[in-house]
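Down below is the structure, laid out as C-alpha cells.
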Protein chains: 2
Amino acid sequence: MASSPTVTIGQLAALTGVNLETIRYYERIALMPEPARTAAGYRAYEDEHRQRLSMIRRARELGFSIDDVRALIGLGEPKPCAEVEPIAAAHLATVRAKIADLRRLETLLGAAVRGCRTGTSQTCPVIEVLGGDPASA
Amino acid sequence: MASSPTVTIGQLAALTGVNLETIRYYERIALMPEPARTAAGYRAYEDEHRQRLSMIRRARELGFSIDDVRALIGLGEPKPCAEVEPIAAAHLATVRAKIADLRRLETLLGAAVRGCRTGTSQTCPVIEVLGGDPASA
DNA sequence: CTTGACCCTGTAGCTGCTACGGGGCGCAGG
DNA sequence: CCTGCGCCCCGTAGCAGCTACAGGGTCAAG
C-alpha cells in the first residue's frame with residue numbers, strides 16, 4: 001500500500017549510498033537475495049532489500065568481512081545474540097590489534113619524520129629506520 | 001672475500017623472513033633487481049640483495065605501499081631526506097587517520113558487545129547497531 | 001642410479017570492489 | 001512513428017599484494 005512498492009537498482013543505490021555495481025556484486029556472491037524482475041528483466045527491489053542492504057553497509061563500515069556479514073545477517077531471520085556476539089567480539093579483538101599495530105607505526109614514523117625536520121643526522125632518519133642491519137656477519 | 005658470497009632464493013628467504021614467492025614477485029614487479037644466475041638458471045643473491053630486501057620488508061612492516069617503497073629506496077643510491085620526508089609524513093597522516101577510524105569502530109563495537117553480555121535488550125545490540133533505520137518513510 | 005630437496009616458469013586464486021564494453025529498455029520531444 | 005537520452009542488462013578484466021599451485025629441471029647424498 002505504499003506509493004512506491006519497488007525501486008530500480010539505481011534508486012536503491014541512491015537510497016542506501018551503496019554503489020550500483022556493488023549491489024550487483026553482492027547479488028552475485030549471494031550476500032543479497034535475487035530480487036524479482038520486471039518483464040524487461042530489470043531488478044525490482046522491495047523495502048526489505050533496502051533494509052538488508054543498509055544493514056550490510058553499516059556492517060561493512062564497522063569493518064566486518066563479507067563472511068562475517070553473512071554470518072551476522074543470515075539469508076533469513078535475524079540471528080540470536082549468542083551467534084552474533086562471538087563474531088563481534090572477535091572482530092573487536094582484531095580492531096584492537098590493528099590499533100595497537102598502527103600506534104607502534106605512528107610512534108616509529110613520527111619519530112623519524114621529526115628527525116627529518118630537525119635534521120641533525122647525516123643519513124635520513126626514515127631510511128635509518130629501514131636499514132638497521134647493514135651487514136649480516 | 002666472505003665465506004658465502006651468494007645465496008639461493010630459499011636461503012635469502014630464510015635470512016630475511018620474506019616468503020620465497022614474494023621475493024620472486026618483487027623481482028617481477030621490478031622492486032628487487034634481477035640477480036645473477038648460475039649455469040643451471042638458479043638465482044644467486046649477493047649481500048646487497050639481502051640488505052635491500054630487508055629494507056623493503058621493514059618498509060612494508062611500517063605500512064608503506066609498494067609504490068612508496070619504490071620511491072623511498074630507488075633502484076640505486078639512498079634517497080635524500082628531502083625526497084623521503086614528504087612520503088613518510090603523508091603515510092604518517094594516513095596511519096593517524098586509520099587509527100582514528102578504528103577507534104570509532106572500537107567504541108561502537110565495544111559498547112555493542114558489552115550490551116550483548118549484560119543482555120538487557122530484546123534484540124541483539126550488535127544487530128541494533130546495524131539496523132538503525134527499519135523503514136524509509 | 002635413485003631419491004629427495006631444492007630450484008625454475010607461468011598462471012590462477014584471494015578480498016572487495018570498480019570499471020569497462022557492447023548491448024537492451026522506457027519515456028519525452030519532434 | 002522515430003530519435004535520443006538515460007537508465008538498465010550481462011560478463012569480464014582490473015586494482016593491491018601477495019600466495020599457491022602445476023609441471024617441470026637440477027643437485028648432492030647414499
Side-chain angles (χ1 to χ4, degrees), chain A residues 4 6-32 34-45 49 52-53 55-73 87 90-91 94-95 98 101 105, chain B residues 4 6-32 34-46 49 53 55-73 87 90-91 94-95 98 101 105:
Chain A
S4 171
T6 71
V7 292
T8 68
I9 193 171
Q11 290 166 330
L12 183 64
L15 279 172
T16 56
V18 176
N19 187 305
L20 185 149
E21 313 256 28
T22 303
I23 298 173
R24 281 205 282 253
Y25 168 69
Y26 285 165
E27 183 181 322
R28 242 190 347 268
I29 64 171
L31 183 57
M32 283 290 286
E34 295 186 19
R37 299 283 186 135
T38 67
Y42 286 24
R43 289 170 181 82
Y45 291 100
H49 293 102
R52 183 182 173 88
L53 187 53
M55 288 184 76
I56 292 171
R57 186 190 174 197
R58 271 180 225 112
R60 297 286 303 128
E61 284 172 354
L62 285 174
F64 286 104
S65 72
I66 297 281
D67 275 359
D68 278 353
V69 175
R70 243 190 272 272
L72 289 176
I73 49 174
I87 296 166
H91 179 50
T94 75
V95 166
K98 277 186 192 160
D101 274 9
L105 300 196
Chain B
S4 170
T6 71
V7 292
T8 68
I9 193 169
Q11 291 167 329
L12 183 64
L15 278 171
T16 57
V18 176
N19 186 305
L20 185 148
E21 312 256 27
T22 304
I23 298 173
R24 283 205 281 253
Y25 168 69
Y26 286 165
E27 184 181 323
R28 236 184 1 261
I29 64 171
L31 183 57
M32 283 291 285
E34 294 186 21
R37 299 286 185 133
T38 67
Y42 285 24
R43 289 171 181 82
Y45 291 100
E46 320 259 340
H49 292 102
L53 187 53
M55 287 184 76
I56 292 170
R57 185 190 176 199
R58 271 181 223 110
R60 297 287 303 129
E61 283 172 355
L62 285 174
F64 286 105
S65 72
I66 298 281
D67 276 359
D68 278 353
V69 176
R70 243 190 272 271
L72 288 177
I73 48 173
I87 296 166
H91 179 49
T94 74
V95 166
K98 276 186 193 161
D101 273 8
L105 300 196

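Within every chain, numbering begins at 1; the chains are lettered A, B, ... in the order of the sequence lines, protein sequences first and strands thereafter.
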- Note on the structure: The side-chain contact (heavy atoms from CB on, under 4.5 Å) partner of B/Leu31 among B/Ile56, B/Leu53, B/Asp67 is B/Ile56

- Task: Could you encode protein contacts along nucleotides 18-23 of chain C as a string, one character per nucleotide from 5' to 3', using B for base contact, S for sugar-phosphate-only contact and - for no contact, with a heavy-atom cut-off of under 4.0 Å?
- Result: BBB---

- When we call it a touch if two heavy atoms are under 4.0 Å apart, what does B/Ile29 touch: a base, just sugar-phosphate, or nothing? nothing

- Message: Check B/Arg24 with B/Glu21, please: is the shortest side-chain N to carboxylate O separation under 4.0 Å?
- Response: yes

- Message: Please report the interatomic distance CG(A/Asn19) to OH(A/Tyr26), rounded to the nearest 0.5 Å.
- Response: 9.5 Å

- Note on the structure: With sugar-phosphate taken as primed atoms, P, OP1 and OP2 and all else as base, the protein-contact string of nucleotides 23-30 of chain D at under 4.0 Å (heavy atoms; B, S, -) is --BBS---

- Item | Nucleotide C/dC17, atom C1' - distance to CZ of A/Phe64 in whole Å | 20 Å

- Taking atom CG of A/Leu105 and atom CD of B/Glu61, what is their separation to the nearest 0.5 Å? 9.5 Å

- Task: Round to a whole Å and report the spacing from CZ of A/Arg43 to P of C/dC25.
- Result: 15 Å

- About how many Å separate OG1 of B/Thr8 and OH of B/Tyr42, when rounded to the nearest 0.5 Å? 9.0 Å

- Return the value, rounded to whole Å, for the distance between atom CG of A/Asp67 and atom C1' of C/dT15. 10 Å

- Item | Euclidean distance, atom NE2 of residue B/His91 to atom P of D/dA16 [Å, nearest integer] | 17 Å

- Could you check B/Gly41 against A/Ile66 and say which one's nearest nucleotide on DNA chain C is further toward the 5' end? B/Gly41

- Under 4.0 angstrom between A/Arg37 side-chain N/O and D/dC10 OP1 or OP2: yes

- Task: Kindly compute the distance separating CZ (B/Arg28) from CD1 (B/Ile23), expressed to the nearest 0.5 Å.
- Result: 12.5 Å

- A/Phe64 versus A/Arg58: any side-chain heavy-atom pair under 4.5 Å? no

- Query: Does A/Tyr26 make a side-chain N or O approach to OP1 or OP2 of C/dG16 shorter than 4.0 Å?
  - Reply: no

- Task: Would you confirm whether A/Thr16, through its side chain, and A/Leu12, through its main-chain N or O, come within 3.5 Å as a donor-acceptor pair?
- Result: yes

- Over how many whole Å does the gap from B/Leu12 atom CG to C/dC6 atom C1' extend? 15 Å

- Message: Which is more 5' along DNA chain D, the nucleotide nearest B/Arg60 or the one nearest A/Ile9? Just name the residue.
- Response: A/Ile9

- Would you kindly give the CD-to-P distance between B/Glu27 and D/dC18, to the nearest whole Å? 15 Å

- Atom CG of B/Leu20 and atom P of C/dT9: how far apart are they, to the nearest Å? 11 Å

- Query: Between A/Arg43 and A/Glu27, is there a side-chain N and carboxylate O pair less than 4.0 Å apart?
  - Reply: yes

